[in-house]
Each structure stands twice: as structure tokens, then as C-alpha cells.
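Notes for the one structure printed next.
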Amino acid sequence: MTESATHNTHLPLSDAEVLRIRNDFPILETEVNGRPLVYLDSGATSQNPLSVMEAEQEYYEQRNSAVHRGAHTLAVEATDAFEDAREVVAAFIGAQSNELVWIQNATAGLNLIAYAFGNASVGKVSEAAERFALTAGDEVLVTEMEHHANLIPWQELCRRTGATLRFIPIHDDGTLDMAAAATLLNENTKVLSFTHVSNVTGVINPAAELTAMGHGVGALVVLDACQSAPHLPLDVKALDVDFAVFSGHKMLAPTGIGGLYGRAELLDAMPPFLTGGSMITKVTMEEAEYLPAPQRFEAGTQPISQAVALAAAANYLTETGMDRVHAWEEFLGQRLVRGLEAIEGIRVLGPASGAPRAGLAAFEVAGVHAHDVGQYLDAAGIAVRVGHHCAQPLHRRLGLNSSTRASTYLYNTSADVDAFLASVAEVRGYFGVDGTPA
Amino acid sequence: MTESATHNTHLPLSDAEVLRIRNDFPILETEVNGRPLVYLDSGATSQNPLSVMEAEQEYYEQRNSAVHRGAHTLAVEATDAFEDAREVVAAFIGAQSNELVWIQNATAGLNLIAYAFGNASVGKVSEAAERFALTAGDEVLVTEMEHHANLIPWQELCRRTGATLRFIPIHDDGTLDMAAAATLLNENTKVLSFTHVSNVTGVINPAAELTAMGHGVGALVVLDACQSAPHLPLDVKALDVDFAVFSGHKMLAPTGIGGLYGRAELLDAMPPFLTGGSMITKVTMEEAEYLPAPQRFEAGTQPISQAVALAAAANYLTETGMDRVHAWEEFLGQRLVRGLEAIEGIRVLGPASGAPRAGLAAFEVAGVHAHDVGQYLDAAGIAVRVGHHCAQPLHRRLGLNSSTRASTYLYNTSADVDAFLASVAEVRGYFGVDGTPA
Amino acid sequence: MSSLDSLYQQIILEESKARRGGDLPNDLLAGNDLPENVGQCHQLNPVCGDEITLRIETEGDQVSGIHWAGDGCSISMASASILSDMVVGLNRAEVDALMSNFREVMRSRGKIQADEEILGDAAALSGVSKFPARVKCAMLAWVAAEDALNQTR
Amino acid sequence: MSSLDSLYQQIILEESKARRGGDLPNDLLAGNDLPENVGQCHQLNPVCGDEITLRIETEGDQVSGIHWAGDGCSISMASASILSDMVVGLNRAEVDALMSNFREVMRSRGKIQADEEILGDAAALSGVSKFPARVKCAMLAWVAAEDALNQTR
Ligand SMILES: Cc1ncc(COP(=O)(O)O)c(C=O)c1O
Ligand SMILES: Cc1ncc(COP(=O)(O)O)c(C=O)c1O
Ligand code: FES
Ligand code: FES
């Protein structure tokens with residue numbers, strides 16, 4: 001076990017404890033452009049602790065094999081590791097293990113749902129699958145703050161089925177217009193899909209309330225938990241959502257793995273998406289019969305070692321304590337916003353300081369393009385994300401094309417935030433747009 | 001660099017050199033049930049050399065980041081690593097790098113093709129995409145020896161579009177009935193999809209000839225290269241196929257990664273499959289415009305470290321020499337079959353000894369169920385695969401439900417084969433079905 | 001005894017060839033129009049594709065007959081054979097008790113010692129519990145029997 | 001000079017604000033009904049979503065005018081501004097030579113030293129070549145110009 005085992009989970013996180021946590025993350029010790037790395041891009045992808053890398057290494061050195069297929073010992077051990085991982089990760093989000101489907105990433109998970117609904121909408125399908133079918137007149141409702149991953153799959157589903165895509169608008173401060181949501185939801189709404197936390201504004205949507213509203217009109221409710229599962233205690237049962245997706249690489253795990261939660265009853269009724277080996281019972285040249293969920297949705301050789309690594313990451317987070325992680329990031333998020341608000345020429349997207357937000361902040365620098373801001377910070381060793389963050393409609397709504405985003409995680413200190421703020425304060429001067437001669 | 005760098009690539013592989021190669025594979029040194037592991041299940045999944053594990057570890061310790069998105073240094077380095085990997089793996093199969101799409105596994109790749117064709121078949125699509133559209137009257141042609149991964153996606157595509165699925169039958173020795181192929185191909189055939197090498201019989205199909213026949217009637221030709229890319233020098237351009245798929249975990253790389261080759265012209269014309277971030281140019285709440293290939297088919301955060309690892313695996317194989325790997329496995333394959341033919345009560349599926357086959361052999365043991373055979377071998381530390389190997393129709397055609405399969409790779413010695421044969425010779429006696437009292 | 005030998009005990013190998021009760025005729029496989037006192041269930045092991053169709057006949061509270069058709073590994077065939085022999089003559093409560101004991105032993109990963117008093121010949125299947133991948137084999141006929149019995153009145 | 005300062009040389013910062021040639025009116029963005037001697041091209045940088053629409057007017061073999069509209073980072077704006085200033089007055093062969101030299105320098109990852117004799121003010125953009133993620137920024141206007149010029153006769 002690495003350092004993390006020594007955490008005192010009774011106290012809130014502190015800079016001192018974060019410094020201990022950082023020992024588990026070798027990449028955080030590297031230098032960039034001759035400066036110690038200040039990694040503030042965990043909203044895009046997070047870094048992996050040693051225990052996660054070791055879990056994967058151990059898997060390849062001791063029990064790598066195809067799962068659910070062989071009678072030999074390695075295959076049994078690989079299968080155990082794989083299914084144990086499912087149990088750990090399912091528990092991490094409050095689900096049962098038969099309700100967790102492995103996916104490549106959240107994007108694939110949202111596509112899985114949209115395509116399965118699409119498959120229920122063409123040709124002969126089972127009676128159970130009919131509830132997922134969409135036709136002209138049906139509506140899919142999303143929000144104006146969605147990541148492209150929770151928007152385009154629905155656009156394409158609507159294109160294929162003739163259903164109509166609608167969206168809940170946002171207020172100027174980035175929060176969702178709940179009054180509009182109430183008006184837009186109606187008996188034609190078959191699907192309500194929304195992000196738990198915005199990856200741009202840091203807004204935390206009232207997920208339980210929205211879900212209840214969606215269920216009130218009989219809609220299936222899909223939660224994009226990409227920015228919540230890694231950062232706050234997530235309980236899909238408590239929220240009562242029907243589906244949820246998240247990506248491993250945003251929560252201390254490798255790329256190539258993620259999770260799709262679906263209520264058991266729904267997963268079992270839903271038609272398959274990807275087809276092939278390991279998800280069937282009986283196959284003839286003419287047709288195939290499918291296994292129950294979750295196997296029905298796991299065609300072909302699965303990302304086994306990545307699932308094992310994701311479970312190690314979930315364990316790392318659980319051992320640290322998700323409530324502590326959340327509280328620490330709330331603290332960092334407020335520090336970010338307060339600091340940015342104090343710098344001239346900066347406009348923070350989303351809620352002002354004091355209002356609830358996740359541990360991230362996107363902003364505009366008057367007169368300096370986001371890519372130039374990012375480049376300046378990079379020269380100081382500070383890694384942030386620039387661009388539209390896969391949320392073009394949201395940026396357009398807020399009147400800009402791109403922004404700069406700093407996003408924190410459990411391994412960031414207040415010193416990271418302060419170094420970032422100090423650098424941002426220099427940007428307009430460097431580019432000669434602060435009124436002083438350049 | 002590990003041992004492999006010292007290979008003398010002018011000589012054919014030999015047991016002595018294989019023993020050196022084995023030093024690169026830590027798992028091959030483990031014991032199973034108190035006996036040294038004899039791993040003969042590479043047809044299901046292969047083992048990873050140190051250089052592959054190190055490449056991934058190095059990635060996470062030094063440059064893990066989101067690609068194609070950030071301006072910061074880590075993001076640039078991750079993007080370089082990711083795109084360099086694409087170049088290496090594309091070159092490995094004789095393709096250009098813009099013709100290689102990363103996929104989770106071969107199954108996902110075949111589904112990608114089938115769904116993209118399906119998407120070209122509904123609603124308004126671009127003119128360029130029309131050539132992929134299928135309707136009633138169109139035909140998709142596969143073979144009777146396909147893995148479920150190259151069968152069910154086409155069944156489902158046909159179900160959705162009204163097209164008809166046909167198949168080329170096989171001879172009793174497992175080889176393809178080429179006369180039937182010639183008859184079945186006709187101007188309605190829009191797609192011809194076949195496996196390069198059978199994962200059950202070891203038959204190597206005449207891919208270039210079949211491709212020319214398919215093109216002769218204007219069909220698009222898809223190659224399932226799962227069992228060829230890892231084991232023989234593969235040149236998709238020389239074969240002239242339109243699409244090809246393969247899985248990294250069968251070629252010394254981790255799970256969670258594979259490659260889809262598509263002729264540049266086709267990939268650029270084909271509609272997208274998965275949609276979301278990183279594959280778009282412009283997105284509004286109403287619609288999206290898509291990037292050219294390969295990005296168009298790579299939605300969301302990609303399996304970046306796995307791509308880097310797959311490139312390391314391709315390098316390992318190239319340094320060893322694919323012609324040498326192929327020749328060695330031909331030798332092992334013949335040794336397997338000759339040995340099995342000499343044991344009473346064994347029926348080998350596929351071509352008899354002397355006839356060409358890949359380095360694997362599946363067989364039936366008279367009176368003993370395949371799972372019992374596998375269990376017996378496992379107790380001796382020998383890992384083989386039992387079951388239908390995701391090819392139920394092929395097994396049914398050969399008159400059985402399941403078989404036992406031994407499959408070799410570059411790290412197997414003749415001693416591995418001999419240990420396996422010695423154990424197989426004991427099986428019928430152990431289960432009391434050889435006529436002698438048990 | 002090696003763990004392989006504890007899996008394939010002599011009695012297992014014999015029972016797998018005896019296939020007692022394995023005499024359900026083909027024309028009854030569909031299981032149509034069953035009278036109230038007869039239940040039938042088809043089970044498939046998705047790992048291997050092996051199948052069994054098992055019919056149970058009752059007289060009042062008692063199992064009066066078991067017939068099945070199917071193919072599978074020695075474990076699954078021996079298990080069906082032993083089950084057929086043991087269950088005929090038991091009443092529902094006795095079958096239930098037997099089932100849950102058997103299931104518990106099978107799922108114990110070798111941790112629970114089979115009680116021959118309770119399990120009789122089925123105790124010979126306890127070696128299976130150390131081979132998680134084979135537990136489904138041993139359970140196949142039992143799951144079918146449980147379901148078939150539940151259909152009867 | 002730090003590599004950041006070599007990227008953002010004073011002249012770049014100035015040109016990015018000057019935006020010479022950045023005067024293409026909105027109603028010409030569609031680029032309909034262009035006469036033979038006028039070419040126009042729209043380019044989008046997919047990494048950031050920034051766009052430029054650039055129009056080239058020719059008189060015989062010579063470029064007689066450049067006008068563009070667009071927004072982007074300082075590198076892309078400076079590059080468009082410098083290009084507009086340099087290319088007007090050159091003939092096709094000269095533009096071709098300039099383009100290919102500029103492209104070569106940009107793609108060199110800092111390995112090829114820009115020749116001020118050939119590249120003039122555009123040599124100030126050579127610091128970009130050490131930042132692969134920004135090369136597209138510098139090339140955006142140039143790719144548009146190349147395409148637009150190819151449309152003219
Ligand atoms: C011939 C063939 N095709 C397809 C596959 C599917 O590969 P994967 O499970 O990696 O998607 C396999 C491997 O199982 C195979 O052998
Ligand atoms: C809110 C949200 N949804 C979806 C995604 C897509 O995740 P991935 O790229 O891992 O599929 C992201 C991350 O980029 C995100 O922040
Ligand atoms: S292997 Fe099929 S039932 Fe045992
Ligand atoms: S960042 Fe968009 S053009 Fe430079």
C-alpha cells in the first residue's frame with residue numbers, strides 16, 4: 001500500500017496532507033519548461049497514483065488472460081480480478097455490480113444508450129425493448145451547458161428516429177433555468193439527459209430535483225457524471241437516475257475505461273449496442289440470442305487491466321474519503337474564483353465567488369486569446385486547458401468562442417492555485433493590453 | 001531496450017532464441033498449480049513484454065495528458081506520443097497514418113463499420129456517404145468460419161436495413177469453398193467480410209484473391225485481421241482490402257486498444273459512428289459538423305497510453321521480424337497437428353498435417369468434453385482454450401459444440417508443444433474412456 | 001488427493017457415464033401442455049453453450065420422477081445423474097433444504113466441507129467448489145430442477 | 001530570449017493588433033459570384049475553432065489585394081497581418097516560393113533557421129515552429145491564401 005493508507009480520514013484535507021498525497025503521483029514531481037509542474041488540468045484528464053499503475057502491472061505480470069472464457073487458472077484469476085473490479089467500482093457510485101457496464105469512456109457510454117434506444121426504434125424488437133423506442137413527436141431534452149458528448153449522440157439519435165431535440169437554457173451566471181426546465185418537460189419527453197457538474201462553469205446541477213421532474217413526465221433520466229464521479233460522493237440510487245456515465249481517466253485511472261450505470265430492470269430490457277463475442281448465448285448464421293446485462297453490452301475482449309486499475313483508483317479515492325476530496329476542492333474552487341475576480345480584465349464564467357461551484361474555473365482575459373493565455377502559463381510550468389472545452393454552444397451562449405480553464409483535484413495545494421493566480425495577473429501586461437506600454 | 005534488441009534477425013527463430021525472447025515476458029516465469037506455466041492460449045490473448053509495460057508506465061510518469069486539446073507542454077508531448085504511435089502501428093500493417101483509427105478492440109472496429117454503413121442508410125446523409133447505404137435487395141457476404149464479432153454486427157445491420165446476409169460455406173477440412181464464393185458474389189453484394197485466419201481451424205484464407213473477387217462485383221471488402229496481424233507480415237495495401245481490424249491484446253499489447261484500417265478515400269466519405277468531443281469542427285445545439293478521418297471516428301478521450309503501448313508492441317514484433325515469427329509458428333503449428341494426429345481418439349479440426357495452417361490447433365477428444373480436457377491440462381500448468389471460441393456456427397458445421405484449442409506465439413518453444421502433447425495423450429485414460437479400466 | 005482428483009472423483013466419472021434420468025424423449029423437449037403436477041425447465045450454461053432440459057413429476061408433495069435431456073461436461077452430467085437419483089421420493093421441503101445446502105457448498109470456494117449425511121452422493125461434487133469456473137456446470141441441473149419444481153402444484 | 005519571448009516577439013504582438021488586411025466586409029463572407037481574378041477561402045482551425053476567410057485579388061500574374069475577416073490568437077492574427085502586407089505585389093511564382101519556405105520553417109520543430117532575406121517580417125514567426133500545437137495558428141492565413149490564389153486565373 002502506498003502513502004494514502006496513512007491518511008487520517010477524520011480530518012478535512014489540508015495542504016500538509018495533500019503534500020503527502022502528492023508522493024503517490026510521480027508525474028507531479030516533473031519539471032516543465034524548467035519549472036515545477038503545476039497541474040491544473042484534471043478536468044480534462046487526471047494523473048495516476050502508484051497504486052493504480054501497480055495494480056495494472058501486477059495484472060500483466062501475474063494473471064493476464066482472456067476472461068469469462070477459459071477453464072485454465074490464469075483465466076479464472078483474470079475473471080475474478082475483472083469481476084471484483086466491477087463490484088468495487090459499482091459500490092463506488094452506489095450501484096449493484098450487475099448494473100455496471102464497462103465502457104471505453106463516457107462518450108462511448110452515452111453513445112451506447114443513444115444507439116440502444118435507436119436499435120429499439122427499428123425493425124422487430126422484443127416487447128421489453130419497446131419502451132426505449134423513439135418516433136416523430138417524441139422529444140429528447142438536454143441542457144445548454146452540455147459537453148458535446150452529451151449532445152451530439154442525441155442529435156444523431158433524433159436524426160435517425162425523427163424525434164425532436166430540445167434544450168433547457170441557462171441563466172447568465174451559468175446556472176440552469178429551472179423554470180424553463182419545468183415548462184419544457186412534457187409527456188412527449190422520452191429522455192432527459194444532463195450533466196451533473198458543468199466542465200466549464202463548475203455549476204452543480206440539482207440532479208435529484210431534475211430527475212424527479214423527468215420521472216414526473218415519464219422520461220428516462222441520464223446523468224453525465226464525468227465531472228462529479230471523480231470529485232464528490234456520488235450515489236446514483238439516491239439521485240434515482242436511470243443511467244449514468246463516467247470516465248476512468250478523470251478519476252485517477254488510465255485511459256480506455258469508464259463506467260455506465262443502468263438500473264438493472266432497464267439494462268435487462270434494453271437491446272444490445274455493440275455485438276460480437278462474449279455477449280451471446282446462441283448464435284447461428286442467421287441470428288443471435290443475447291446474454292443478460294451487463295454482459296449483453298460488453299462485446300469482445302474487454303479493457304480488463306484498465307478495469308482492474310479503475311477499481312484501484314476507486315479504492316484510492318474511497319480511502320482518502322470522497323467527502324474530504326469534495327470539501328477540499330470546494331475550498332480550492334472558491335480560492336480560484338476569488339483570486340480571478342481580483343485581477344483586472346478577467347471575467348469568470350459561471351457563478352461568482354461565494355456561490356456553490358466545483359473546484360474549477362474558466363475565464364476570459366480581456367484582449368488576450370485563450371490560447372495565448374495558456375501558452376503564457378505553460379511557460380511558467382502551469383498546465384491549464386484552453387479552448388471551448390467541448391462545449392461550443394455554452395461558450396456561444398456566454399458570448400465567446402473559447403476560454404481558459406484551471407481545474408483542481410485532490411493533489412492540488414493552495415500554493416498551486418496561488419502560483420496560477422500570480423501568473424494570470426501578469427498576462428495582460430505581457431501581451432500589452434493592460435494600458436501600460438508592452 | 002530489453003533482450004529483444006539482441007536478436008539476430010537474419011536467422012530463423014529457434015528454441016534457443018525463443019528462450020531469450022521469454023526473458024522479456026515475466027508472466028511466462030510464473031507457476032500454475034505448482035507447475036511451470038505453459039501458455040498456449042495466445043489466440044485468445046497474448047502476454048506483454050517488458051518494453052510494452054515500460055512504455056505505458058513511462059507515459060503515465062512523464063507525459064500523461066489529454067491529447068489534441070491543450071496548449072500546455074504535457075498535452076503537446078502526449079499528442080506527439082499518441083500520433084507517433086499511430087504512425088508506427090499504421091506502418092506495421094502497411095497503411096498510412098491517416099488510415100488508422102484507434103478502436104477498443106476488433107469487435108468495436110467491425111461494429112464501427114457496420115454502424116457507419118447503417119448511418120449512411122437512414123435520413124439525410126452526404127452524397128459521399130451514399131455508397132455505404134444498404135437497402136432491401138442488397139447483400140452482405142461473410143463466411144461460415146467467422147468469429148461472432150464478424151457475424152453478428154452484420155446480422156444486426158441487415159436487420160436494420162432490410163439487406164440480406166449470406167455466407168460462403170466451408171469444406172470438411174475447414175478451408176473455404178472458393179467455388180461457392182464465386183457463385184455467391186453478385187452485383188447485389190455490397191459488403192464482403194471475412195477472416196484472414198480462422199481462430200479455430202487455423203485456415204489461412206486467400207485474402208488477395210477473395211478481395212479481387214469482391215471488388216470484381218463492386219463490393220467493399222472488410223478483413224478480420226485479428227489472427228493475422230499478430231502472426232504474419234500483413235500488408236493491407238498489397239491485399240487491397242478496403243477495411244481491416246485487429247486487436248492489440250492479441251499482439252503483445254494491453255487490452256483496450258486495437259486498430260481499424262480504412263482506405264483514406266473511404267474513411268473520409270463514411271459517416272461517423274460514435275459522436276462527441278474531439279471529432280467535430282462546429283457544434284450548435286441543433287447540429288454538428290465533423291472532422292475528417294481518422295479523428296472523425298475517435299470520439300471522446302482515446303485510449304492514449306494503450307496506443308503508445310501498442311506501438312511499442314509493434315516495434316517489438318518488427319525488431320524480431322514478422323517473417324521469422326510467422327515461420328516459427330508454422331513450425332510449431334505443424335508439430336502440434338502431427339503430434340495430435342498420433343494420439344488415439346483425437347480429431348483435429350481443420351487441415352491435416354502438411355497442409356498450411358497457422359500456429360494453432362483445435363481438436364476433439366473422443367468421449368471427453370472439452371472443458372474436462374482443459375481442466376486436466378490446467379492441472380499440469382498448461383493453459384489452453386476450451387469452448388466454441390466464439391465460432392458456434394463453425395463448430396456446428398463440423399458436428400460439435402466445443403473443442404479444445406492450443407495456440408502458439410513467438411514465445412513458445414517446441415518443449416511447450418511437447419509438454420502439451422504428452423498431457424493430451426493422458427486425457428482419455430484419466431477419464432476412463434480409452435477402453436482400459438479407469 | 002490432488003485437487004484435480006478431488007474434482008474428478010471416481011463416482012463423478014461413473015455417474016457422468018451413467019446419466020441416470022437422462023431419458024427425456026426428444027418429442028417432450030418443447031414442454032407444451034404440461035399437467036399441473038409436471039414442471040419442466042431449460043437451462044443453458046453461457047460459458048460453454050451446454051444445455052439441459054429437465055422435467056419433474058410430482059405426486060402431491062413428493063417428487064415422483066425426473067427425466068432430462070442434455071449434454072455437457074462430466075461434472076454437469078454427473079451432477080444431473082446424482083440429482084435424479086437423490087431427489088425422487090423427497091418432498092418439497094426436503095428438496096429445498098438439499099438445494100440450499102448444495103448451493104452453499106458449491107459457492108463456498110472450497111471453504112465449506114460437504115456433509116455426506118445431507119448431500120449423499122452429491123457430496124462428491126464438493127471438489128467443484130474450488131474451481132469457480134466449473135460451479136455453473138455442477139449447478140446447471142439443480143437450477144433447472146428448482147425452477148421445474150416451482151412450476152408444479 | 002526565452003522560448004516564450006521568441007514566440008511572442010514584439011513584432012508579433014504589434015501585428016496581431018494591427019491586423020493589416022483584416023477588413024473584409026461581412027457581406028462578402030459568402031464569397032459568391034467571384035470574378036475570375038478573385039479567389040476566396042475559408043479556413044477553420046479545428047483545435048480551437050478559430051476561423052478566417054481570406055480573399056485574394058490578382059491582376060494578371062500579380063497579387064493586387066488581400067482582405068480577410070476572422071478572429072484568433074495573436075499568432076494567427078499576426079500571421080494574417082504580415083502575410084497581407086508581404087504578398088501584395090508578388091507574382092505567383094514568388095508567392096509559391098514564399099509559401100513553401102514558410103511552411104518548411106514552420107514544420108521544422110525549430111530546426112530550420114528562418115532566412116529574413118526570404119521571409120521578411122514573417123521570419124519573426126519562426127519561434128512558432130518550436131510549439132507544434134501552434135503551427136496551425138501561424139499557417140491558417142497562409143493555407144487560406146494559397147487556396148484562394150489557386151482559384152484565380
Ligand atoms: C478471428 C477473430 N475475430 C475477432 C476476434 C475478436 O477480437 P476482440 O475480442 O479483441 O474484439 C477474435 C478474438 O477473439 C478473433 O480471433
Ligand atoms: C461533462 C463531461 N462530459 C463528457 C466528457 C467526455 O468524457 P470522455 O472524453 O472521457 O468520453 C467530459 C470530458 O471531457 C466531460 O467533462
Ligand atoms: S462445461 Fe458446459 S456444463 Fe460444464
Ligand atoms: S489558437 Fe486558434 S488560431 Fe491560434
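Note that the OG1 atom of A:T301 and the CG atom of B:N105 stand 6.0 Å from one another [nearest 0.5 Å]. Atom CG of B:N48 is separated from atom OG of A:S305 by 8.0 Å, given to the nearest 0.5 angstrom. Atoms CG and OG1, on B:L74 and A:T30 in that order, are 6.0 Å from each other to the nearest 0.5 Å. From B:E287, atom CD reaches atom CD1 of A:I152 across 11.0 Å, with rounding to the nearest 0.5 Å.
A donor-acceptor pair under 3.5 Å is absent between the side-chain atoms of B:Q306 and the main chain of A:P303, judged by distance alone. Looking at A:R159, its side chain does come within 3.5 Å of a backbone N or O of B:V122 through a donor-acceptor pair.
Among B:S247, B:G256, B:P393, B:A149, the residue with the largest count of heavy-atom pairs under 4.5 Å with chain A is B:P393. The choice from B:P272, B:A288, B:G258, B:G374 that makes the most heavy-atom pairs within less than 4.5 Å of chain A is B:A288. Among B:D378, B:T45, B:V283, the residue making the largest number of heavy-atom pairs under 4.5 Å with chain A is B:V283. Contacts with chain B were tallied for A:P26, A:A383, A:A379; A:A383 has the most, counting heavy-atom pairs under 4.5 Å. Here A:K282 is the residue among A:K282, A:Q57, A:E144 with the most heavy-atom pairs under 4.5 Å with chain B. Ranked by heavy-atom pairs under 4.5 Å with chain A, the list B:H388, B:Q62, B:Q375 is led by B:Q62. Heavy-atom pairs under 4.5 Å with chain B peak, among A:I304, A:I382, A:L377, at A:I304.
In this structure, chain B has a heavy atom under 4.5 Å from the side chain of A:I280, while its backbone stays farther away. Neither the backbone nor the side chain of A:S42 has a heavy atom closer than 4.5 Å to any heavy atom of chain B. Heavy-atom distances place the side chain of A:L37, and not its backbone, under 4.5 Å from chain B. Using a 4.5 Å cut-off between heavy atoms, A:R397 does not touch chain B at all. With a 4.5 Å cut-off on non-hydrogen atoms, B:E156 touches chain A through its side chain but not through its backbone. At a 4.5 Å heavy-atom cutoff, B:R166 makes no contact with chain A through either its backbone or its side chain. Both the backbone and the side chain of A:E286 have a heavy atom closer than 4.5 Å to some heavy atom of chain B. Both the backbone and the side chain of B:Q104 come within contact range of chain A, judged by heavy atoms closer than 4.5 Å. If you measure heavy-atom distances from A:Y376 to chain B, you find no contacts under 4.5 Å at all. Looking at A:Q47, both its backbone and its side chain come within 4.5 Å of chain B, counting heavy atoms on both sides. If you measure heavy-atom distances from B:S46 to chain A, the contacts under 4.5 Å come from the backbone alone. Residue A:T164 does not touch chain B at all, counting heavy-atom pairs closer than 4.5 Å. Contacts of B:V142 with chain A are made by side-chain atoms alone, with heavy-atom separations under 4.5 Å and no backbone atom involved. At a 4.5 Å heavy-atom cutoff, the contact between A:L151 and chain B is made by side-chain atoms alone.
Every ring pair (Phe, Tyr, Trp, His ring centres under 6.0 Å) that A:F420 has, sequence neighbours left out, goes to A:F363. Applying the ring pair (Phe, Tyr, Trp, His ring centres under 6.0 Å) criterion to A:Y115, with sequence neighbours excluded, gives A:F273, B:Y115, B:F273.
Evaluated for a side chain to side chain contact (heavy atoms under 4.5 Å, CB included) with A:T255, the options B:F82, B:Y60, B:Y59 yield exactly one hit, B:Y60. Evaluated for a side chain to side chain contact (heavy atoms under 4.5 Å, CB included) with A:T275, the options B:T107, B:L157, B:N111, B:L110 yield exactly one hit, B:N111.
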Check the pair A:D41 / B:H72 against side chain to side chain contact (heavy atoms under 4.5 Å, CB included), numbers first and verdict last.
CA-CA 9 Å; A:D41 197 18; B:H72 63 77; 2.9 Å; yes

Check the pair B:T73, A:N33 against side chain to side chain donor-acceptor pair (under 3.5 Å), reporting the backbone distance first and the verdict last.
CA-CA 8 Å; B:T73 301; A:N33 297 318; 3.1 Å; yes

Would B:L165 and A:M285 count as a side chain to side chain contact (heavy atoms under 4.5 Å, CB included) if you check the C-alpha gap in whole Å, the side-chain angles of each, and the deciding distance to 0.1 Å?
CA-CA 9 Å; B:L165 183 68; A:M285 287 309 294; 5.7 Å; no

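The minimum heavy-atom distance linking B:T281 with A:Q392 is given by the pair O-NE2, 2.9 Å. Of all heavy-atom pairs between A:C390 and B:S278, the closest is SG-N, 4.3 Å.
Under the 4.5 Å side-chain criterion, counting only non-hydrogen atoms from C-beta, B:I27 is not in contact with A:R63.
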